[in-house]
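Heads up, the thing below is written out as structure tokens.
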Amino acid sequence: MSDINDTSPFGVPGEVLNEKDMDAPTGLLNMECFIRLAADIQKIRATEKTRIIYIFFNIENFRVIHAESGLYGSDHILRVMGNCIQRYFPNSLAAHYIGEYFVVITDQEDVEETIRIFHDTMWSQTGDTHVEIKAGLYVLQNTTIPPVIACEYAKTADESIRNEYDCIFCYYDVMMDDTLKRRDYIVRHIDSAIKKKHLIVYYQPIICGGTQHICGAEALARWDDPEYGFMVPNEFIVTLENARLIAKLDFYIIELVCRDYWRLKGQTGDLFSVSVNLSRIDFEQHNVLKRIEKIRTQYKVPREYLKLEITERSFGNEQAAIRRQVHELRQHGYHVWMDDFGSGLSSLSLLHELEFDLIKFDLHFLTGPIHTAQRKIIMSSLIHMIKRLGVKTLAEGVETEEQYRFLQDIGCEHMQGYYFSKPVSLEKFLKLL
């Protein structure tokens, strides 16, 4: 086996790596390349008896590190993490999964002791920050298991020890099967769910802050499955993103929204605008402008009807292609919103690097009651700063009248949350207008 930066990582012959295969901030592979090479490894090792292990690493206190040391400190930790993985797993395949997560596929025999040493090194070599590492391990049982699913097994093992401070790593166990069976089911049934129309759209009202009148809606996916019942987004979105299948869902939801517009056109007065969600992976795999334009023109939907929400985390390091596509979307008249402002690592830098029409932030990212003095100052400053940049604001997760009144007082223009309405079917939404 060879080093991950070699032309034949982990014994994969004839594979020449180039810049597009790499994750620049960490020096590791990106996930698309990792999945491709891991599949090759499993084919090569199919007739061997060597034990292959997937490891899912998690920097458990990464959000605390970011809050205390900012973007520079966070980027430094990611670089140190990448260097240490290459140091302690030199003959393995490793990738930056996303954010604070990393994956490794290895056949090292001393993997448990290596993880312990790796953990202690990360703890001691990061100054006063003291990075806390957790790891989930999955011993590959069958080389026909897709690498995406193997990563999910290791991820599930990691999730089982979150916040258990006396435990550094954990092996995947069959007792965790229920979660993995559902994830596997979602990956295997996304195409049939689209074909059989098990995926539907719910609409959550967006409110004008000054009047409480509905001025739009966010389109949210629901999966009405014959086996698992009615599933909400947090039960399938992350799984589809990890499997790099999220574009199937995102573009289908856009089509359903446009289809609803076509159906309602002429039946009601002025139609409400709808925001739809896009993933980082959509931009990596597709020309988003072309895909949306094809759907929009088919149903004769005006561009101003669709608002495009992109999470802040999508704009990670070295995401020039995504930024270029966002610029093209705005040039063609689409309104682009930044979703989950403050949840990623580069909120402020993005505000001057890219133009957005609206910034959307979740009240929950402040963590805690809105009435504390510090949180009021933070929220008020955010709203005023964004508005001075000429960008509109929207607060989601509004659940109480106290929150609504506070946001109204500080000039937040749009709001969304259960205080006004939960996501509802189109028929119920129309009755709210």
Side-chain angles (χ1 to χ4, degrees), residues 66-67 70-71 203-220 272-278 303-315 322-323 326-327 329-330 333-423 432:
H66 175 59
L71 179 60
Y203 294 90
Q204 185 170 33
I206 294 173
I207 306 298
C208 289
T211 63
Q212 279 203 50
H213 292 158
I214 295 175
C215 56
E218 179 180 4
L220 298 164
F272 53 93
S273 63
V274 176
S275 68
V276 294
N277 291 279
L278 293 170
R303 292 189 182 99
E304 59 268 22
Y305 177 76
L306 294 173
K307 315 299 183 186
L308 310 179
E309 293 194 30
I310 309 170
T311 61
E312 181 198 329
R313 286 178 69 115
S314 295
F315 300 95
I322 297 178
R323 298 171 189 232
V326 168
H327 181 68
L329 285 164
R330 295 193 78 251
Y334 286 100
H335 283 204
V336 178
W337 296 2
M338 185 200 289
D339 192 13
D340 291 336
F341 178 80
S343 64
L345 307 178
S346 52
S347 307
L348 296 179
S349 63
L350 282 174
L351 288 181
H352 70 79
E353 291 175 7
L354 280 169
E355 292 185 6
F356 295 94
D357 298 282
L358 181 144
I359 301 296
K360 186 175 184 180
F361 50 92
D362 194 326
L363 291 186
H364 295 111
F365 95 87
L366 290 174
T367 312
I370 195 69
H371 61 264
T372 62
Q374 285 183 322
R375 293 188 175 96
K376 279 189 174 183
I377 293 170
I378 293 170
M379 183 68 74
S380 179
S381 298
L382 278 174
I383 295 293
H384 289 139
M385 176 188 68
I386 292 168
K387 290 179 70 174
R388 287 185 65 187
L389 292 172
V391 180
K392 296 185 182 300
T393 57
L394 189 159
E396 64 179 334
V398 182
E399 297 179 350
T400 67
E401 180 162 354
E402 179 187 10
Q403 291 173 340
Y404 164 66
R405 296 298 178 193
F406 169 71
L407 291 167
Q408 189 180 47
D409 288 344
I410 64 174
C412 185
E413 295 140 303
H414 303 92
M415 303 176 202
Q416 178 183 349
Y418 274 57
Y419 174 69
F420 308 106
S421 173
K422 64 181 182 180
L432 296 174

Distance from [X] atom [atom1] to [Y] atom [atom2], nearest 0.5 Å?
| X | Y | atom1 | atom2 | answer |
| --- | --- | --- | --- | --- |
| Lys392 | Trp337 | NZ | CH2 | 10.5 Å |
| Met379 | Ile383 | CE | CD1 | 6.5 Å |
| Lys422 | Leu220 | NZ | CG | 13.0 Å |
| Gln408 | Met415 | CD | CE | 6.0 Å |
| Glu396 | Asp339 | CD | CG | 5.5 Å |
| Ile386 | Arg388 | CD1 | CZ | 13.0 Å |

Where is the tightest heavy-atom contact between [X] and [Y], given as atom of each residue plus distance?
| X | Y | answer |
| --- | --- | --- |
| Leu358 | Leu394 | CD2-CB, 3.7 Å |
| His414 | Cys215 | CD2-SG, 3.5 Å |
| Glu304 | Ser273 | O-CB, 4.1 Å |
| Gly397 | Asp362 | CA-OD1, 4.2 Å |
| Leu407 | Ala395 | CD1-CB, 3.7 Å |

I need the single residue from Glu218, Glu309, Lys307 that forms a side-chain hydrogen bond (donor to acceptor under 3.5 Å, both in side chains) with Ser275. Which is it?
Glu309

Is there a donor-acceptor pair under 3.5 Å between the side chain of Ser381 and the backbone N or O of Ile377?
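Yes, because the side chain of Ser381 sits within donor-acceptor range (under 3.5 Å) of the backbone of Ile377.
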
Ion pair Arg330/Asp357, N-O distance below 4.0 Å:
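Salt bridge flag = yes for Asp357 with Arg330.
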
Hey, could you give me each pair passing ring pair (Phe, Tyr, Trp, His ring centres under 6.0 Å) that has a residue in residues 385-404? Not counting sequence neighbours.
Tyr404-Tyr419, Tyr404-Phe420

Thr393-Glu413 side chain donor-acceptor pair, cut-off 3.5 Å:
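Yes, side-chain donor-acceptor contact under 3.5 Å.
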
NE2 (His384) with more than 12 external heavy atoms under 6.0 Å
yes

Heavy-atom distance under 4.5 Å between the side chains of [X] and [Y], does that happen here?
| X | Y | result |
| --- | --- | --- |
| Val274 | Tyr203 | yes |
| Val326 | Arg323 | no |
| Ser421 | Leu432 | yes |
| Leu308 | Leu329 | yes |
| Ile207 | Pro205 | yes |

